[in-house]
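Computed over heavy atoms, backbone and side chain alike; hydrogens, waters and symmetry mates excluded. Labels below follow one simple rule: chain letters A, B, ... track the order of the sequence lines, proteins then strands, and each chain is numbered from 1.
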Amino acid sequence: MAGRIMSQRIMGAVSFYELQDAVGRIQIYAKRDEICPGEDKSMYNSVFKKLDIGDIIGVRGFVFITQTGAISIHVREFVLLCKSIRPLPIVKEQNGKTFDAFTDPEQRYRQRYLDLIVNPQVKDVFIKRTQLVNTMRNFLNEKGYLEVETPILQPLYGGAAARPFKTHHNKLDMTLYLRIADELYLKRLIVGGFDGVYEFSKDFRNEGMDRFHNPEFTQMELYVAYKDYEWMMNLVEEMVETVALALHGTTKVQVGENIIDFKRPWKRYSMYEAIEHFTGTDISNMDEAELAAFAKKVGVEVDSSMGRGKLIDEIFGETCEAKLIQPTHIYDYPIEMSPLTKKHRSKAGLTERFESICGGKEICNAYSELNDPIDQRQRFEAQLELGKRGDTESMVLDEDFLRALEFGMPPTAGLGIGIDRLSMMMTNSASIQDVLFFPQMRPEKKDTPNEQ
RNA sequence: GUCCCCGUAGCUCAGCUGGUAGAGCAAUUGACUCUUAAUCAAUGGGUCCAGGGUUCGAAUCCCUGCGGAGACACCA
């Protein structure tokens, strides 16, 4: 077998090392007189004993159990496969206590390879992330939906309210944007006649960074024709429950101080109900002035640009979101906040949209897709107005997307689910940086060549 | 973008009201034939994040910058 030396205990003519490979660690035992049967003991004294922690070696021998009961490999031959010329941080452990842990987040994220070597539990998080994606992919494939790929470089960005990254194509001499969502392209495919399409989509948003936000992040977006948002709520429950079971064998997952149970069915509140539930106040019939007064009362900073929808959204964020620990669907969002969402079939001013919240954080956003091209044009125009008033995250009008809708898109349910967020939840990680191999960091050295 | 906290050896950290830079592990040398945070002895190891200021004297006090963490704002 082969692996990296992680610890050495040399006892003169006998030594014990620990070798680590992709799956774990095992102790190896070597005896001078077996490695060097003749008079020349240099292979042991000058080579084996001089190996360093971090070196990668191959060994041949047999398995046995030491007097202290440790399963070990009794080494007959060994070969140095790769020398490590940098010292490895040494993490030691006894009785569950860890000594000299390699914990500096900056070094862990910048040198993830090192983090993975010395903190093997870090690997588990990333293995779980991949299992999560695989589980979702299998789940969606079994339902007959088609995994597709759509452009990352887009001439117009759309599908979400966010600031994009901008780049330039030399040959075409045109501005291109890195996608902030793949929604508008996937809906074009529904127009084109697919019944269900999905994409695991790397998206890019040129905004602030914190422990929940990285400039590039992964979303899974799914669109299914002839379905609506209620149907989608059931699908989300089923899919997330399946993920929890696949990763943990149970629907109960420890997240921070809470145990979150993803078992179906989840709680459901309309947005108005949720606000009433947590504040005792029914705001559904308030006018804008009353809403503004109530928002102030619950601690929202109100300014005059806020419309009814924004106020409701802020009130919800302030009073409800953090208190929703167990998985809950919040549905029927104000129309102002949802320019791509179908109007509610019966309630004026609302849309058929829901978000699923658990652990006090949103994990997905879904709706009955707006498929009326005239309404969609008006919504885009309203967004343009917002843009003129200085909203840097307002949407731009996508004429080709409207043309597609004008050919007719069947009623469709759409879903966007944050893979990083869900991974954090499913691996009990406090920071998005813990579920990304290489989170975005500032350059290490100031003098690295950079434009400007 | 704002507010706080942090930056000392390869790793984890100590360093008091300013007075010659420290420990454990790792490294090097030696002892030790079933150890497991192996042990024992010896040795080497520093741009105290960077720059400036105060001072006879700065790791320590002040200012600026860089990097990181956290909170707030915005977003997923």
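Look at the P atom in both B:G70 and B:C61: the space between them is 25 Å, to the nearest Å. Using atom C1' as the reference point in both B:A58 and B:G53, the two lie 11 Å apart (nearest Å). Nucleotides B:U47 and B:U8 have their P atoms positioned 12 Å apart, rounded to a whole Å. Using C1' as the reference atom, B:G57 and B:A73 are 46 Å apart when rounded to the nearest Å. To the nearest whole angstrom, the two C1' atoms, one in B:C6 and one in B:U12, are 15 Å apart. Taking atom P on both nucleotides, B:C49 is separated from B:G30 by 36 Å, rounded to a whole Å. Taking the C1' atom of each, B:A9 and B:A26 are spaced 10 Å apart, rounded to whole Å. Comparing the P positions of B:A21 and B:G45 gives a spacing of 14 Å, expressed to the nearest Å.
For the atom pair A:Asn428 CG and A:His248 NE2, the distance stands at 8.5 Å (nearest 0.5 Å).
Nucleotide B:A69 forms a pair with no other nucleotide shown, judged by Watson-Crick or G-U wobble geometry with both contacts under 3.5 Å. Of the nucleotides present, none pairs with B:U55 by Watson-Crick or G-U wobble criteria with both distances under 3.5 Å. Nucleotide B:G10 forms a Watson-Crick or G-U wobble pair with B:C25, both donor-acceptor distances falling under 3.5 Å. Shown here, B:U35 forms no base pair; nothing in the strands shown gives a Watson-Crick or G-U wobble contact with both key distances under 3.5 Å. Here B:C48 sits opposite no nucleotide as a Watson-Crick or G-U wobble pair (both hydrogen-bonding atom distances under 3.5 Å).
Looking at the side chain of A:Glu314, the nearest of the listed nucleotides B:C74, B:G67, B:G10 is B:C74. Side chain of A:Ser431, nearest nucleotide from B:U35, B:A76, B:G70: B:G70. With distances taken from any side-chain atom of A:Glu106 to the nucleotides B:A76, B:G68, B:C32, the minimum falls on B:G68. Side-chain proximity of A:Gln433 to B:U28, B:A69, B:C32: nearest is B:A69. Checking B:A76, B:A69, B:U35 against the side-chain heavy atoms of A:Thr66 singles out B:U35 as nearest.
Side-chain atoms of A:Thr341 and A:Arg353 form no donor-acceptor pair, as typed in the model, at a separation below 3.5 Å. No side-chain donor-acceptor contact under 3.5 Å links A:Thr412 and A:Glu369.
For the OP1/OP2 pair of B:C11 and a distance below 4.0 Å, the side-chain nitrogens and oxygens of A:Gln107 include at least one atom meeting the criterion. Contact annotation: A:Arg86 does not reach the phosphate of B:G10 (side-chain N/O to OP1 or OP2, under 4.0 Å). A sub-4.0 Å separation between OP1 or OP2 of B:A38 and a side-chain N or O of A:Gln94 is absent. Taking side-chain N and O atoms only, A:Gln8 has no distance below 4.0 Å to OP1 or OP2 of B:A26. Here A:Lys50 reaches the OP1 or OP2 of B:U29: one of its side-chain N or O atoms lies under 4.0 Å away. Under 4.0 angstrom from either OP1 or OP2 of B:A69 there lies no side-chain N or O belonging to A:Arg211. A:Arg9 has a side-chain polar atom (N or O) that falls below the 4.0 Å cut-off from OP1 or OP2 of B:A38.
A stacked arrangement is not assigned to A:Phe212 and the six-membered base ring of B:A76, the conditions of a centre distance below 5.5 Å and an interplanar angle below 30° not being jointly met.
The pair A:Arg268-A:Glu230 fails the salt-bridge criterion, with no side-chain N (NZ, NE, NH1 or NH2) lying under 4.0 Å from an Asp/Glu carboxylate O. A salt bridge is defined here as a Lys NZ or Arg NE, NH1 or NH2 lying under 4.0 Å from an Asp or Glu carboxylate O, and A:Glu352 with A:Lys342 fails to meet this definition.
Base engagement by A:Phe64 is indicated by at least one non-hydrogen atom pair under 4.0 Å involving a base atom. Contacts of A:Asn214 with the nucleic acid, taken as non-hydrogen atoms under 4.0 Å apart, include base atoms. Heavy atoms of A:Ala101 sit under 4.0 angstrom from primed sugar atoms or phosphate atoms, though from no base atom.
Remark: the A:Asp104 side chain and the B:G7 base include no donor-acceptor N/O pair separated by less than 3.5 Å. Side-chain N/O atoms of A:Gln67 and base N/O atoms of B:U35 include no donor-acceptor pair closer than 3.5 Å.
Aromatic ring centroids of A:Tyr367 and A:Tyr333 lie 6.0 Å or more apart.
Here the options are A:Leu222, A:Thr218, A:Val240, the test is side-chain contact (heavy atoms from CB on, under 4.5 Å), and the partner is A:Ile417; only A:Val240 passes.
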